[in-house]
Amino acid sequence: MPPANKVHAQWSSRMGFVLAATGSAVGLGNIWKFPYMVGDSGGAAFVLVYLGCIFLIGLPILISEWLLGRRGQKNPINTMQELAAKNNRSQAWILVGFSGVLAAFLILSFYSVIGGWSLAYIKDAVVGSFTGQDGDGIGALFNGMLESPGKMIFWHTLFIAATIGIVSMGVTQGLERAAKTLMPALGILLVFLVLYGMTTGGFKQALEFMFKPDWSQLTGGVVLAALGHAFFTLSLGMGIMMAYGSYLGEDISLLQSARTVVIMDTVIALAAGLAIFPIVFANDLALGQGPGLIFVSLPVAFGNITAGWVVGVAFFCLLTFAAITSAISLLEPVVEFIEERTPFSRQVSTVVAGLAIWALGIAALLSFNVWSDFTILGLNIFNFLDTLTSKFLLPLTGLGVILFVAWCLDKESVRKELGLDVYDFSIWNLIARYVAPIGVLVVFFTSL
Ligand code: PFF
């Protein structure tokens with residue numbers, strides 16, 4: 001992503017824009033986080049609420065972030081400042097921009113830890129550590145990594161260094177080009193793993209677990225988790241999509257682009273679930289084991305199919321790539337923030353931001369071992385960072401965005417910008433003014 005606020009470049013085409021937005025949206029959230037949240041939250045009831053949150057809340061907020069970005073033509077903080085002034089609204093709306101930057105900073109610290117796990121698994125796949133292993137063997141391998149702070153620090157450092165390197169060299173455009181081939185490759189590999197899942201004997205159970213709801217599993221906490229994840233997976237509530245929107249030409253349809261990004265993001269998450277749960281059921285692995293789920297299930301497949309190590313290497317390379325494209329989009333707003341508010345150059349700002357995130361990431365990874373007893377509000381550091389961002393900062397920032405678009409901007413201009421007729425706009429208005437904001441507030445307060 002080119003730095004906002006400088007001369008304003010534009011996406012060369014709708015396709016380029018949609019791919020870049022998809023690159024930010026599709027990442028560890030889809031393949032690592034979504035399946036383990038489904039496992040932790042009891043399955044289909046979570047999935048259905050999540051889908052509801054994606055389409056009724058996430059989609060309109062995604063459109064709103066792009067719309068604000070395109071109007072503001074600046075970075076999120078300056079965009080909010082300027083649009084609030086132009087529309088005679090309070091400058092307090094800038095808080096929306098600030099909380100986005102803070103969320104991006106906190107998320108990247110733990111995102112990088114998981115990116116590090118993915119890197120470590122490339123090495124494991126290369127040296128054949130998965131070969132012939134059953135669920136227990138892979139579980140022992142994974143626990144061996146968790147118990148070793150040194151190993152995790154090494155891989156986390158490598159991941160964040162790669163992210164810093166790419167952002168400071170400003171070569172993200174090349175990565176976007178690479179994404180055009182690598183992201184579809186990841187999709188194809190997932191389809192292949194879903195097909196493998198069908199051969200395990202656990203597929204029917206997996207389908208039922210993911211799509212046949214047991215509503216007794218639905219608690220306020222589960223609904224809040226689904227809502228928070230809808231924001232996380234679509235990269236909402238961090239100003240990132242707003243920054244992407246600022247490079248958007250007037251002729252590009254927000255509604256169509258949003259529909260494409262949301263559908264791709266959702267399909268990849270569901271495919272990840274359908275690849276993982278058959279293995280979980282067929283091997284009697286624990287469903288609710290949290291962040292380790294993908295790292296103890298998929299390698300069982302890689303260890304037991306012909307040439308599985310090659311598939312394993314390919315999978316974790318592609319997962320790492322997807323994680324890096326998302327990590328870059330998380331680092332960018334933090335770097336921009338430092339660059340604008342200090343005398344530091346872009347390179348120095350990138351290193352300062354990266355080092356701070358790296359240090360916080362170390363605290364997060366120690367919560368899997370030596371600091372496992374240290375808690376904040378009953379949560380270890382990793383879970384605290386995840387909860388604070390996904391369940392609080394992102395939904396509240398997203399709420400601010402949609403309230404601003406629905407209530408503070410001139411309605412007629414929004415209708416024209418969305419290309420809606422009067423009838424369709426009344427539906428948009430109903431969703432943007434009431435359904436989405438009330439949805440966020442109700443979920444938020446009932447689960448507190
Ligand atoms: N949406 C990414 C994922 O699902 O992995 C995570 C993410 C990337 C969140 C970039 C926020 C963001 F700005």
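Ligands are counted one by one from 1 in listed order, and the atoms in each one are counted from 1 as well. If you read the sequence from its start, that first residue is 1, and numbering goes on from there.
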Original post:
When the aromatic ring centroids of W32 and Y36 are compared, is their separation below 6.0 Å?
Top reply: yes
Original post:
F444 and F392: aromatic ring centres closer than 6.0 Å?
Top reply: yes
Could you pull out all donor-acceptor pairs under 3.5 Å where a side-chain atom in residues 20-28 meets a protein atom, sequence neighbours excluded?
| from | atom 1 | to | atom 2 | distance (Å) |
| --- | --- | --- | --- | --- |
| T22 | OG1 | V18 | O | 2.6 |
| S24 | OG | S235 | OG | 2.9 |
| S24 | OG | S329 | OG | 3.1 |

Subject >> For the student: nearest non-hydrogen atoms of L293 and A286, plus distance >> reply: CD1-O, 3.8 Å
Side-chain donor-acceptor contacts of residues 351-365 below 3.5 Å, not counting sequence neighbours, with atom names and distances?
| from | atom 1 | to | atom 2 | distance (Å) |
| --- | --- | --- | --- | --- |
| W358 | NE1 | T157 | OG1 | 2.9 |

Note every protein N or O atom lying under 3.5 Å from an N or O atom of ligand 1, pairing the names and giving the distance.
| from | atom 1 | to | atom 2 | distance (Å) |
| --- | --- | --- | --- | --- |
| ligand 1 | 1 (N) | S24 | O | 3.2 |
| ligand 1 | 1 (N) | A25 | O | 2.9 |
| ligand 1 | 1 (N) | F232 | O | 2.9 |
| ligand 1 | 1 (N) | T233 | O | 3.1 |
| ligand 1 | 1 (N) | S235 | OG | 3.1 |
| ligand 1 | 4 (O) | A25 | O | 2.9 |
| ligand 1 | 4 (O) | G29 | N | 3.3 |
| ligand 1 | 4 (O) | N30 | OD1 | 3.4 |
| ligand 1 | 5 (O) | L28 | N | 3.1 |
| ligand 1 | 5 (O) | G29 | N | 2.7 |
| ligand 1 | 5 (O) | Y111 | OH | 2.5 |

Under 3.5 Å, sequence neighbours excluded: what are the donor-acceptor pairs made by side chains of residues 38-52?
| from | atom 1 | to | atom 2 | distance (Å) |
| --- | --- | --- | --- | --- |
| D40 | OD1 | G290 | N | 3.3 |
| S41 | OG | M37 | O | 2.7 |

